Structure formats: C-alpha cells, structure tokens
Number of protein chains: 2
Amino acid sequence: MKSDGRLARMLHVLVHMALLGGKETSERIAQMLNTNPVVVRRTLGALRDNGIVESEGGRGGGWKMSKTLDDITVLDVQRALHKGTILSAGVSHDHPSCPVERASNAVLESAHAAAEAKLREIYATTTLAEIARIAVASGGEQAAN
Amino acid sequence: MKSDGRLARMLHVLVHMALLGGKETSERIAQMLNTNPVVVRRTLGALRDNGIVESEGGRGGGWKMSKTLDDITVLDVQRALHKGTILSAGVSHDHPSCPVERASNAVLESAHAAAEAKLREIYATTTLAEIARIAVASGGEQAAN
DNA sequence: TTTTTCTGTAACCTAAAATGTTACAGATTG
DNA sequence: CAATCTGTAACATTTTAGGTTACAGAAAAA
C-alpha cells in the first residue's frame, strides 16, 4: 500500500487556510498539496463531517475553517480521518484457537496499545496553532505554501 | 497493502519450535502458520541471518532454534524482520521547502518517535519465554499448534 | 550412485489501501 | 442562462505482504 499521508496533509493545509484567513477552493488547496481537487474534496470532506471545516458549493464557494487553530488538536484531525485505533498490531489469524498464536497476538496488541496511548496523548495536547508557531519560527515570514 | 503479520507469525512459530524442542521442516512450520513452505523459508531466513534460528538443507534437514526462548526478545525478532524504525509517521512530501509542511511533518515525526520508544521498550523487555508462559497458562496443556 | 527429502531462490500472481484521474451531476451566484 | 464551485462514481496506479510454481543444489539413505 502507499503510506497514508492524509494526516500530515490535512495539518499542512489547515494551517495554511487559517493563516490565509479566508475561503479557498479545492483547486487552490490541491496546489498547496501538489495533488488534484478530487483528492482534496475527498479528504477535506471527512474534516467537514467532523466540524473542522465547512464547504459551500456553487460559484464563489469553497472551503473555510470552522474553528481557530487553537481549538483544533492533531487528535481531532486524526479522529476525523480514521475511525478506529491509530496503531494496529499486525496480528496473525492462522489458527485462531491456538493458545500460542493468541498469546503472541496479545503481547503485540498490548504493546501497541501502550504506544498508541503515548501517541494519542501527544496528539491531544498538540494544537494546530503550535504547528503554525513552529512554521513561522523556522520558515521566517514566508509562510504561504 | 496487506497488513504485516510477519512479527506475529514468527513469535508464534518460534514458541512452537522451542516447545517441540527439535528440528522442523518448512512444510510442518507452514502448517502451523496456515501458509506454504516458501513463505516460511523467506521469513525464517531473516531470523537465521540474525542468529535466532539455523537451517540445514538436504534430507533430514530443517530449522531449529539457535537460542532459548529466554534469550530472545520480541525486539530481536522485530529487528531481524525490519531494518529501520518500527513506526513511521506518514509525512508528506508535496512541497519540501514549505515551512508549514515541514512543521507538520516534524510534529508527527516527533510524536511517532515517542510512541516508538515506548513500543521498543516493551519489545526489549518481553522475551519469547514470557509468551510461552502466557500461552501455557491460558491454553492449558494443549500447546501444540 | 541413484533416489529421496530438504533448503534457497527466482519469477511470477494476488490482495488491499491510499492516491491519482476523468467525467458528470447538482448547486449557487451573476 | 452561463460560469464556477462541490460531491461522487468509476476507474487506474502504486506499494508491499503474501501466495504459488518451478527448479537448482545439498545431504542423507537406499
């Protein structure tokens, strides 16, 4: 599979949208992400369904933020994009009744659950405002695209 | 992509091999993993290259453990199977010079690094002997396949 | 030495999931 | 009505684990 870059892309584009402050079309956002408008609408659609952005059709339409960067955490975006767990353990299902397989799976699942808890904790305490701050600090004033 | 079940499968099969105590052919191991011998040789080959098991060709050949379960951690098996990091952050490479993209990627990478440290710590302190103990405790005496 | 039984690999095919792409339908503004 | 958006369907593409077939080579057994 291709690696999932949706979270990174959405963080990226949300910060840009907030810094620009207005409404953006899928076409313009696609340029920010070096992709095409359909991919943008697909992915931003999930954020809209979770109250992070809103969209308007028709002439003059486009996408805008529903909240400020301070009110959006990385975890909010993650949850909008993926329903279930963040990390999966990659267990085996070769002999579901085998106690050795079950023990192996249980150990891996438990370890991944602990790692995910750590990840989730960081995601929950990192706002997009902080990303914007890092970007401005490192990239100087040129923060557009 | 199909999810990577190699680690779970190798933990599973190594515990079986140790409990059985002798030498096993790819064919028999394939039955434990509900797959075919070529997949087994491919995957066990990586463990052999890391000193976890050893193989012998020819009639009467097969695979056997090079260490006891106490001397193999989950991290050892993980490292034999995958060279680099365990968790990857799924960053974006749409505009590598964009400071916002870089800040987004940096935040994700840092978070994943913290989660991976946690995961690695657990892997490093979990031996296969412990998995065997869990299996025997939960599955009763029937620990074969 | 010939047969049998193993591993080691090459060379494919398949599956699954994100991403890319084309083509429209529908909505909204001018 | 014309122009400009979003919303979706319907594919094609890419990547990687896994499955499969087919042999070559090694080693014990006959």
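For the numbers below, each heavy atom of this structure counts, side chains included, while hydrogens, waters and symmetry mates do not. Proteins get letters first, then strands, A, B, ... in listed order; numbering begins at 1 in each. In this text the structure is predicted, and so the values were computed from the model without any measurement.
- Heavy-atom nearest nucleotides on DNA chain C were determined for B:T25 and for A:V38, and the one closer to the 5' end corresponds to B:T25.
- When rounded to the nearest whole Å, the span between CG of A:L81 and C1' of C:dA17 equals 15 Å.
- The NE2 atom of B:H93 sits 18 Å away from the P atom of C:dA18 (whole-angstrom rounding).
- Between the side chain of B:E54 and the main chain of B:K64, no donor-acceptor pair closer than 3.5 Å is present.
- Inter-axis angle, ends of the helix from C:dT1-D:dA30 to C:dG30-D:dC1, five pairs per end, rounded to 10 degrees: 10°.
- The backbone N or O of B:D76 sits less than 3.5 Å from a side-chain atom of B:T73, completing a donor-acceptor pair.
- Between A:T35 and C:dG20 there is a side-chain polar atom (N or O) within less than 4.0 angstrom of OP1 or OP2.
- Under the 3.5 Å distance criterion, with hydrogens and angles disregarded, a donor-acceptor pair is assigned to the side chains of A:S55 and A:R48.
- Computed from coordinates, the B:K83 NZ to D:dT16 C1' distance equals 18 Å when rounded to whole Å.
- Side chain to side chain, A:H82 and A:D4 meet the donor-acceptor criterion of an N or O pair below 3.5 Å.
- Contact annotation: B:N36 side-chain N/O to D:dG19 OP1/OP2 distance is not under 4.0 Å.
- For the residue pair A:W63 and A:T25, no side-chain donor N or O sits within less than 3.5 Å of a side-chain acceptor on the partner.
- No donor-acceptor pair under 3.5 Å is formed between the side chain of A:R9 and the backbone N or O of B:S92.
- Checked by atom type and distance alone, the side chain of B:N50 pairs as donor or acceptor with a backbone atom of B:A46 at under 3.5 Å.
- As a whole-Å value, the separation of A:D4 CG from D:dT14 C1' is 14 Å.
- The main-chain N or O of A:M17 is never found under 3.5 Å from a side-chain atom of A:E24 such that the two would form a donor-acceptor pair.
- One finds a salt bridge joining A:E56 and A:K23 here, because a Lys/Arg side-chain nitrogen approaches an Asp/Glu carboxylate oxygen to under 4.0 Å.
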Between B:L69 and B:T127, does a side-chain contact (heavy atoms from CB on, under 4.5 Å) hold up when you go through it step by step?
CA-CA 7 Å; B:L69 292 184; B:T127 66; over 6 Å; no
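- Rounded to whole Å, the distance from CD on A:E27 to C1' on D:dC5 is 11 Å.
- With hydrogens and angles disregarded, no donor-acceptor distance shorter than 3.5 Å links the side chain of B:E27 to the backbone of B:P37.
- Contacts between residues 50-68 of chain B and DNA chain D, counted as heavy-atom distances below 4.0 Å, involve B:G57, B:G58, B:R59.
- The distance from atom CG of B:N34 to atom P of D:dG19 is 8 Å, rounded to the nearest whole Å.
- For the pair A:H95 (side chain) and A:V100 (backbone), a donor-acceptor distance under 3.5 Å is absent.
- Checking D:dT20, C:dG20, C:dA18 against every side-chain atom of A:R6, the shortest atom distance belongs to C:dA18.
- The interatomic distance linking A:E24 (CD) with D:dT6 (C1') rounds to 15 Å, in whole Å.
- Of the residues in residues 41-49 of chain A, A:R41, A:R42, A:R48 come within less than 4.0 Å of DNA chain D through at least one heavy atom, sorted by number.
- Rounded to whole Å, the distance from CG on B:L33 to C1' on D:dG19 is 13 Å.
- Remark: A:R9 is in phosphate contact with C:dG20, judged by side-chain N or O atoms under 4.0 Å from OP1 or OP2.
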